[in-house]
Amino acid sequence: MMQLAVRAEPLLDVDHLVVEYGLGNKTVHAVSGVSLQVARGETLGLVGESGCGKSTLGRAVLQLRRAKSGRVLFDGEDLTAMEGEALRKMRRRVQLIFQDPIASLNPRRRIGDIVAEPLIIAGVKDAAERKRRVHEVLSAVGLDPELVANRLPHEFSGGQCQRICIARSLVLNPEFIVCDEPVSALDVSIRAQILNLLEEMKARFGLTLLFIAHDLAVVKAVSDRVAVMYLGRLCEVGPSEQLFAKPVHPYTDLLLQAIPVPDPDVRPVEGVAVGEPPSPIAPPSGCRFRTRCPRADQRCSAEIPELREVAPGQFAACHHPLA
Amino acid sequence: QKSGGSITVGQELEIAGFDPLKVGVYDTSTFTAAAAIFDTLTTLDDKGEAAPKLAVSWTHSDDYMTWTFKLRQGVTFHDGTPFNAQAFKENFDRQKDPANKCRCAFYITNVKEVLAPDNDTIVYKLTDPSVNLPATITIQSQNNVIHSPTAWKTKGDDYNRNPVGTGPYILKSWTAGDRMVLEKNPNYWDKGRPYLDRIVLKPLPDAQSRFASLQSGEADIIWDDEADADNILKAQKDSKLTVHTYKGSGAQVYAFNTKVAPFDDVRVRQALVMAIDRPKMSQAISNGLSRPASNPYGDGSWVKCKDDGALPFDVEKAKALIKDYGKPVEFKTLVTATPRGRMVGQVLQQFWKRVGANMEIEQVDQATIPSRAFTRQFQMTPWRIVDLADPDPQMYANFRSGSPLALAGFSNPELDRLLDHARVTADPGQRTEDYCAISRLINKEAIWFWTFQNTYYALSSAKLKGFPKIYNSVIDVSMTWLE
Amino acid sequence: MLNFVVRRLLAMLPVLLAVSLLTFLIASLLPGDLALVILGDQATPENVAALRRDMGLDQPLWWRYLSWLGHVLQGDLGRSYRTGQTVLQAVAERIPVSLQLMLMAEFIGLVIGVPVAIACAARAGGAFDRFMTGSAFAILSMPSFLVAILLIYLFALELHWLPATGYVPFTEEPLNNLRFFVLPALTLALAEWPGIMRVLRSDMIATLQEDYIALAKAKGLKPARILFVHALKPSSLTLVTVTGINIGRLLGGTLIVESIFALPGIGRLLVGAIYTRDLVILQGVVLLVACGFVIVNFIVDMLYAVLDPRIRHGHA
Amino acid sequence: MSTLLTIADVVVELPTPRGNLRAVDHVDLSLEAGRTLGIVGESGCGKTMLSRAVLQLLPKKAKLTGRVMFDGQDLARLAPESLRRLRGRDLAVVFQDPMTSLNPVLTIGTQLMETIQEHLELDASAAMARSIELLTAVGIPAPEQRLAQYPHQCSGGMRQRIAIAIALSCEPKLLIADEPTTALDVTIQAQILDLLAREQRRRHMAMIIITHDLGVVAGRADEVAVMYAGRVVERAPTQALFKRMHMPYTEALLAAIPKLDAAPHTPLPAISGRPPDPTRPLRGCSFAPRCRYAAGRCHEAKPALTSAETPGHLYACFHPIQMAAGVDA
Amino acid sequence: MATLELSIKDDATAAPSRRKRRLGLLFWIASTWLVIILALAILAPVLPLQNPVDMDMLERRAAFSTEHWLGTDGLGRDELARLIFGARASLTVGLIAPMIGLTIGGAFGLLAGYFRGRFETLVVGSMDVLLAFPPLIFALAVTAYLGQSVPNLTLILGVLGIPAFMRVARAATLTLARREFVIAAEALGASHARILVRELLPNVILPLLAFFLLGVAVTIVVEGALSFLGLGVPPPMASWGSMIGEGRDSLDVAPRLAFLPAAGLFLTVLAFNLVGDTLRALTDPRQGAL
Ligand SMILES: Nc1ncnc2c1ncn2[C@@H]1O[C@H](COP(=O)(O)OP(=O)(O)OP(=O)(O)O)[C@@H](O)[C@H]1O
Ligand SMILES: Nc1ncnc2c1ncn2[C@@H]1O[C@H](COP(=O)(O)OP(=O)(O)OP(=O)(O)O)[C@@H](O)[C@H]1O
Ligand SMILES: [Mg+2]
Ligand SMILES: [Mg+2]
């Protein structure tokens with residue numbers, strides 16, 4: 001097994017993970033053999049187009065979707081082999097934040113109860129203790145516990161709901177949080193608030209994050225390393241600055257070019273992006289990006305490219321890497 | 001009399017069929033059809049006397065144990081089979097044959113056998129004397145109507161719904177649950193009859209819409225009963241309609257199960273009977289149309305008693321009896337799950353509540369009542385003594401100890417003696433005596449009680465003529481005509 | 001698609017089996033011993049025992065069920081002990097009536113319910129909407145036995161437009177047949193349309209909020225086209241379910257309406273069978289009616305696929 | 001060039017259970033034929049309501065005042081029938097979410113052809129030919145087969161192309177694209193924006209692009225209007241706006257966008273708080289509670305749109321930013 | 001910390017003030033009617049009413065009078081007393097039977113929608129069996145077997161209502177179970193029971209309650225139909241349905257005997273649904289949100 005650029009012993013080690021969905025008599029190949037490591041204290045950004053399997057990967061890490069094959073090692077323990085109580089214990093250490101903050105709060109329960117729920121599930125019997133913890137995390141995410149605890153989710157804006165979700169995920173003092181597009185549904189102005197909050201929480205609670213997003217700029221703002229995913233496979237992994245400055249995989253390059261720049265002097269380059277991603281039900285053979293890749297040739301359709309280290313700490317799965 | 005035309009008869013029930021082996025007993029709707037398709041040996045004339053039909057004359061032995069009938073000649077069934085003594089005997093034997101297990105056999109237990117000494121003579125051999133046999137076999141029932149032997153033999157299971165008789169009408173078509181179309185029999189032995197070309201029988205189960213059908217002209221004559229008093233009164237006022245009524249013998253009756261508490265105590269039974277104010281009850285359930293009954297025979301019967309021993313309506317006495325009994329009086333009464341059954345049940349309940357007895361109404365469907373009654377799974381059950389020409393068959397079955405129909409489970413040597421005596425006595429005066437004594441005894445012991453006498457109703461368009469009396473509760477339209 | 005059809009058809013078998021078992025159990029739990037009912041006044045213990053033996057009533061229940069099922073599988077549903085008719089004959093005679101009644105009732109129900117629902121949804125909360133919602137409740141509060149007699153009074157006795165009761169087969173006198181069916185079908189339809197109206201109205205209201213309706217307006221389409229082409233079809237899935245259930249229910253007959261209007265339908269046959277303890281007819285007819293229900297359900301599923309291409313293409 | 005669309009003093013009010021909601025508050029805008037106007041603002045600031053006001057597709061209970069002059073006619077006072085003829089032919093729209101803006105139970109062909117047949121009076125085969133032509137123009141491969149397909153059989157980008165084809169089908173004079181790419185991926189977004197720009201040039205139609213991403217309008221609009229809490233708070237030719245923003249809100253909005261060229265873990269200058277409750281309008285400047293320059297006057301009165309020194313540049317602020325844009329970020 | 005200026009206080013202005021939504025006159029009329037009817041039904045035995053089963057057999061169908069305010073019925077019983085006692089029977093059956101359907105059908109629907117798979121197939125299949133079985137036969141058989149009483153009647157109507165409630169609950173659960181808050185609970189390690197009770201139930205119960213109100217109306221009417229067939233409440237007890245059935249026989253003589261209970265039924269059904277709609281709108285969290 002190839003060792004990716006990991007500075008310390010990884011907290012999370014995903015090894016050749018394969019996740020599939022049955023759809024009638026067809027199979028959706030959502031995640032097809034993804035391996036990545038996240039070191040303790042690190043933020044790994046995961047970007048890719050819609051439907052490429054980011055959420056599926058995130059959920060498979062948490063065992064909300066069982067993998068078809070492959071392993072998920074968390075702090076040295078194999079989550080895929082865990083069942084029942086053991087898994088439930090482990091869940092306290094690993095948390096999840098969703099894209100749609102409003103949908104991830106039960107519309108009929110009060111905020112105080114929602115945030116206290118993980119404590120109840122974890123078996124914290126003492127009500128006063130629970131209340132103390134809830135107050136603590138709510139204040140930490142910048143909400144006034146007194147004002148908030150007795151209200152229902154619909155009384156809050158999206159940004160506030162996301163704060164509540166963050167508070168809920170923090171209440172058990174987890175080590176690792178999967179953030180599944182936590183800001184995609186938010187406004188530009190609110191988005192910045194939440195990103196800042198996440199950064200702050202990370203520092204304050206010593207978290208390790210898997211940060212999923214489809215917006216490269218957002219990922220860059222918070223990640224130490226970035227993994228680019230395309231149609232169930234990883235294309236490129238590398239330290240943020242390096243990857244953005246010198247993308248090696250043509251897909252990463254395409255993504256970077258497609259971002260609209262808020263500057264009228266930068267004329268948008270027309271015609272960079274070609275085609276649309278194929279269906280994960282029948283992914284192309286060989287390199288999955290070849291159907292849209294300007295550099296694709298015979299070899300790309302015959303041979304699946306492996307992740308190779310192209311620069312220190314930067315890996316790419318491409319037969320014809322850029323530069 | 002005008003020939004031609006067609007009428008529609010609105011009936012209450014759906015006809016199940018005509019084969020006695022299948023249907024066991026005919027109901028009122030089947031009677032009407034049977035009266036048109038089949039003939040009986042005898043019929044009742046205007047005065048209620050037995051008159052010839054397929055039998056032209058009859059004689060009896062002195063002990064009334066043997067009756068000989070001379071049959072009409074030249075009569076054929078609709079399928080061409082000749083009607084003769086042999087055919088009649090086959091009809092009878094088929095019912096009587098134990099292998100056939102016909103429910104109908106019960107009603108001919110008193111006939112030992114029927115002989116056919118020659119082609120146009122039949123002889124009834126009875127087990128007990130019967131003084132009035134020709135009148136009792138006039139009803140167009142499962143036992144008395146005569147089927148074509150060839151037909152039932154060739155048609156097998158299908159015969160039930162494809163009956164063949166000698167009657168004035170031939171079954172033309174029959175849609176289950178809907179219409180039965182009867183066409184005039186052109187070869188009917190009674191020349192010149194019948195008058196109508198066609199009779200259509202339709203089940204119209206709902207009383208309101210049945211009456212509406214009569215009003216709107218979809219039906220020319222409908223079956224009705226006192227429960228529908230509002231409509232009967234309306235029809236009486238309507239010049240376009242005619243109300244046919246017939247005050248029959250018999251009564252609507254109730255039997256106490258004297259084997260179970262609280263009816264094992266005569267005081268309770270008497271109290272309940274005395275609590276009923278029949279005129280008021282008639283007012284409540286039928287606008288006063290119902291005629292109170294004080295004995296099982298009724299005004300329509302030839303049994304007329306000076307003293308039938310009826311218990312008076314006396315609330316105070318009833319209360320006293322209940323008080324005397326000491327224990328709370330609580331019981332269930334079976335009631336048919338029909339509007340009429342519910343109404344009567346509630347009225348009785350009301351009377352009895354007033355004297356301190358609690359009756360609970362148990363609604364059951366019509367089919368359940370006989371089986372509950374035969375197995376004695378009841379405390380009080382409604383029953384009916386129908387309009388037959390002679391009281392004997394029903395009185396004997398209902399009250400003689402040991403009879404499966406002696407529902408009260410009451411046995412009294414004097415009652416048995418009187419019943420036995422009445423059935424072998426020829427003299428009407430003496431028989432009246434006996435039956436009145438029986439009535440007094442039953443009334444005194446209050447093992448059964450009677451609410452109202454049987455009155456039969458048919459409502460027709462005023463244009464329908466020639467409708468006979470509703471003898472035996474049969475609406476017989478076979479000899480009617482339209483004006 | 002074929003796969004889908006076959007799978008659905010196979011899934012129906014257990015339902016039918018369960019219905020047959022249920023019917024059998026219920027029929028054998030009914031009070032009133034069949035032998036006693038048949039023998040009537042003639043019943044002596046010996047007679048009853050003999051008859052029970054003849055009819056196999058002394059066998060254990062499961063055995064009777066299996067042997068009945070065995071016969072059914074060979075296509076023999078049995079014969080009524082009372083009328084001598086086979087179950088198939090009895091049903092064949094009655095089913096056209098129930099079918100026609102059901103079809104006409106659903107048709108009238110839809111003809112009233114659908115336009116009213118559309119009109120209500122188009123102006124939800126408006127005067128017409130409120131009035132019709134209120135009327136729907138008023139009609140819902142009138143049991144069919146009352147509605148039926150009121151209709152008879154009005155149309156048969158007062159106006160003389162339609163017959164009060166009766167029936168002729170369609171094959172004999174088509175026009176008259178329709179006349180006979182108008183009032184009973186209307187009675188049923190009056191009870192049906194409030195339900196139809198309610199589900200369609202609320203689905204329509206939801207659909208009319210959709211972006212694609214806004215786009216249809218923005219495209220300058222005629223209002224009628226928007227309502228009937230763009231909004232009605234995607235709103236009608238629940239309606240189809242409800243209609244399917246109604247049809248299934250009406251297949252079992254509607255005793256009250258059949259009795260009042262003297263229609264020889266399945267309802268009266270079934271209840272008659274219960275009252276006379278004609279268990280062969282009862283079991284057979286219930287089983288056939290259940291088959292009908294299952295088939296209707298199947299058609300509903302197919303209709304889903306027709307109405308919604310997403311279902312057709314397996315994108316649930 | 002002639003003015004195609006003039007929005008004059010438009011107010012849209014929506015009655016809600018919590019009180020009257022002023023979604024659009026005295027907005028004046030105008031657009032010349034063949035030009036592109038970008039409308040930018042946060043969620044809920046009234047962009048969609050404004051576009052619906054132009055299309056006369058407001059919710060039934062909404063109240064509209066002011067004038068919407070399109071091609072010489074006041075749309076707000078037009079008879080429903082004439083309005084209907086206008087929509088789809090001269091006035092077309094593309095909605096945000098291609099998943100929901102196409103009818104799921106009608107084929108793509110039906111949805112395309114019905115517009116063409118409604119307005120152009122073509123027969124079925126001509127309409128079909130035109131549909132194929134349009135689908136080809138928006139870059140859909142094998143258009144003949146697509147006509148018989150349903151929306152769910154197409155990907156999101158494909159659907160948006162179809163929606164655009166529908167919008168273009170009668171050569172409209174004005175195309176309103178309400179966040180046409182928000183629901184799409186970056187690579188697809190680029191394609192769609194390219195497509196819109198190309199078709200606009202080719203057909204010489206005017207276009208309003210509504211978005212909350214300043215990056216989208218930067219390269220593609222001739223003029224930009226920034227909306228906040230129902231009002232247009234700054235309006236200028238694109239170049240001028242990005243060169244020099246006067247309104248603190250515009251500046252903050254730009255600054256809050258994470259930049260690709262910034263180092264990881266740089267804290268973003270977020271705008272604190274959130275927009276005011278539209279049912280409870282503030283007396284002063286709506287942005288004042290979140291504005292770092294706000295002073296006494298800002299809480300007392302609403303600043304009117306005033307002209308800046310650059311022609312065509314309007315802003316509504318008592319304390320406009322004096323320095324050049326970009327420096328702050 | 002510069003970015004964390006947001007505290008709830010500056011949002012307090014934006015937060016919705018406690019609901020002061022107007023309920024409308026109709027709502028109040030409807031609830032008043034319901035309160036009156038329910039109170040009358042509950043208090044019927046202690047109210048100064050005439051005995052609803054006492055007959056004055058010579059005073060049949062008497063007109064309105066000071067003795068009988070609403071006259072008497074076909075057996076001379078006080079119509080007013082019967083209407084009120086009828087409300088008691090109809091509402092008992094009409095409220096309890098749908099409750100049976102609500103609890104059993106709701107529970108099965110919830111479980112089926114959450115667990116899916118075989119269990120769902122089994123539940124849906126059983127409901128199809130219940131639907132495929134002619135309801136009248138079911139009612140007849142059960143009354144014949146268990147006897148006729150209000151509890152049995154309630155049981156029958158309750159069981160017949162189960163499939164419908166199951167459908168509603170299952171449909172609601174199916175959409176909810178995919179919602180992220182359910183996945184969130186799962187990710188927290190909540191047990192199935194906890195997810196069902198704490199996360200799903202509170203959301204499923206509302207559509208069920210809305211359906212329940214319609215169920216009340218339908219049940220009361222169906223009870224009437226069963227009374228008409230002799231399967232309803234046992235006489236002499238009155239129910240609105242049975243009163244309509246009895247009054248039907250004298251429509252041209254005394255139409256009020258059928259129409260008074262029908263009107264009572266109509267007003268109550270309408271009131272239940274008006275109140276239900278309003279309450280549903282009130283408790284719908286989306287309504288208040290921006
Ligand atoms: N429950 C499911 N059943 C079947 N297919 C699914 C299911 N969930 C996801 N998929 C499919 O799996 C693939 C990967 O989905 P996933 O949600 O992981 O993508 P994603 O990268 O998170 O996309 P997005 O950016 O839209 O959230 C997609 O093609 C999707 O359609
Ligand atoms: N149908 C409606 N009824 C009541 N209020 C509405 C309705 N639609 C929108 N609003 C309100 O009107 C205001 C303006 O909404 P609008 O949709 O125009 O915002 P937007 O700028 O398009 O936002 P987004 O970026 O989210 O699309 C918002 O406060 C919104 O809550
Ligand atoms: Mg995702
Ligand atoms: Mg919008």
Side-chain angles (χ1 to χ4, degrees), chain C residues 1 118-130 200-201 203-241 302-316, chain D residues 48 51-52 54-61 80-108 110-120 148-154 159 162-163 166-167 169-170 172 175-176 178 183:
Chain C
M1 191 69 191
I118 294 176
C120 286
R123 298 224 181 287
F128 179 77
D129 183 24
R130 290 207 219 166
L200 183 59
R201 174 183 168 274
D203 283 0
M204 266 306 253
I205 290 177
T207 305
L208 288 175
Q209 317 267 325
E210 294 280 349
D211 279 356
Y212 57 80
I213 298 297
L215 186 67
K217 285 185 196 158
K219 279 162 42 173
L221 299 182
K222 296 200 176 73
R225 184 167 173 95
I226 294 177
L227 281 179
F228 288 94
V229 179
H230 281 257
L232 184 56
K233 209 171 151 194
S235 314
S236 45
L237 284 189
T238 327
L239 178 69
V240 168
T241 312
M302 295 291 122
L303 262 183
Y304 276 2
V306 171
L307 284 175
D308 193 337
R310 286 167 295 186
I311 296 172
R312 195 177 335 157
H313 298 124
H315 295 239
Chain D
T48 300
S51 71
R52 299 274 167 123
V54 174
L55 288 160
Q56 296 295 312
L57 276 182
L58 291 167
K60 257 186 219 102
K61 43 192 169 77
E81 187 56 22
S82 350
L83 190 64
R84 190 175 67 69
R85 294 238 179 76
L86 204 68
R87 283 191 201 140
R89 201 184 63 207
D90 293 338
L91 196 55
V93 62
V94 176
F95 286 135
Q96 168 172 0
D97 191 348
M99 305 291 163
T100 58
S101 63
L102 293 177
N103 194 324
V105 303
L106 299 179
T107 60
I108 289 156
T110 313
Q111 299 191 50
L112 242 175
M113 280 155 61
E114 66 182 359
T115 326
I116 300 173
Q117 287 186 296
E118 181 71 46
H119 296 296
L120 300 186
Q149 289 189 336
Y150 290 91
H152 68 92
Q153 291 167 298
C154 307
R159 279 185 240 190
I162 292 162
I166 293 175
S169 60
C170 302
L175 174 69
I176 300 179
D178 186 356

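Here is the naming used below: chain letters follow the sequence lines, and residue numbers restart at 1 for every chain. We use all heavy atoms of the structure for the numbers below, so side chains are in, but hydrogens, waters and symmetry mates are not.
- Residues D/L57 and C/A214 approach most closely at CD1-O, 3.4 Å, considering heavy atoms.
- Exactly one of C/P234, C/S235, C/S236 qualifies for a side-chain contact (heavy atoms from CB on, under 4.5 Å) with D/V105. That residue is C/P234.
- For D/R52, the part sitting under 4.5 Å from any heavy atom of chain C is the side chain, from C-beta outward, and nothing else.
- Of the atoms belonging to D/Q111, heavy atoms from both backbone and side chain fall under 4.5 Å from chain C.
- A distance of 11.5 Å separates CG in D/L83 from NZ in C/K217, rounded to the nearest 0.5 Å.
- Of all the heavy atoms in C/L215 and D/V93, the pair that sits closest is CD1-O, 3.8 Å.
- Across D/R84 and C/P223, no two heavy atoms sit closer than the pair CD-CD, 3.9 Å.
- A donor-acceptor distance shorter than 3.5 angstrom exists from the side chain of D/H119 to the backbone of C/K219, with no hydrogens or angles considered.
- Contact annotation: the side chain of D/P104 approaches that of C/Y212 to within less than 4.5 Å [non-hydrogen atoms, C-beta and beyond].
- Considering CG of C/D308 and NE2 of D/H152, their distance stands at 7.5 Å, rounded to 0.5 Å.
- For D/E114 and C/R225, the salt-bridge test passes: some basic side-chain N is under 4.0 Å from an acidic carboxylate O.
- Contact annotation for D/L91: only backbone heavy atoms (N, CA, C, O) come within less than 4.5 Å of a heavy atom of chain C.
- Between the side chains of C/D211 and D/S101, not a single donor N or O lies within less than 3.5 Å of an accepting N or O.
- Proximity to chain D (any heavy atom under 4.5 Å) is restricted, for C/L307, to the backbone atoms N, CA, C and O.
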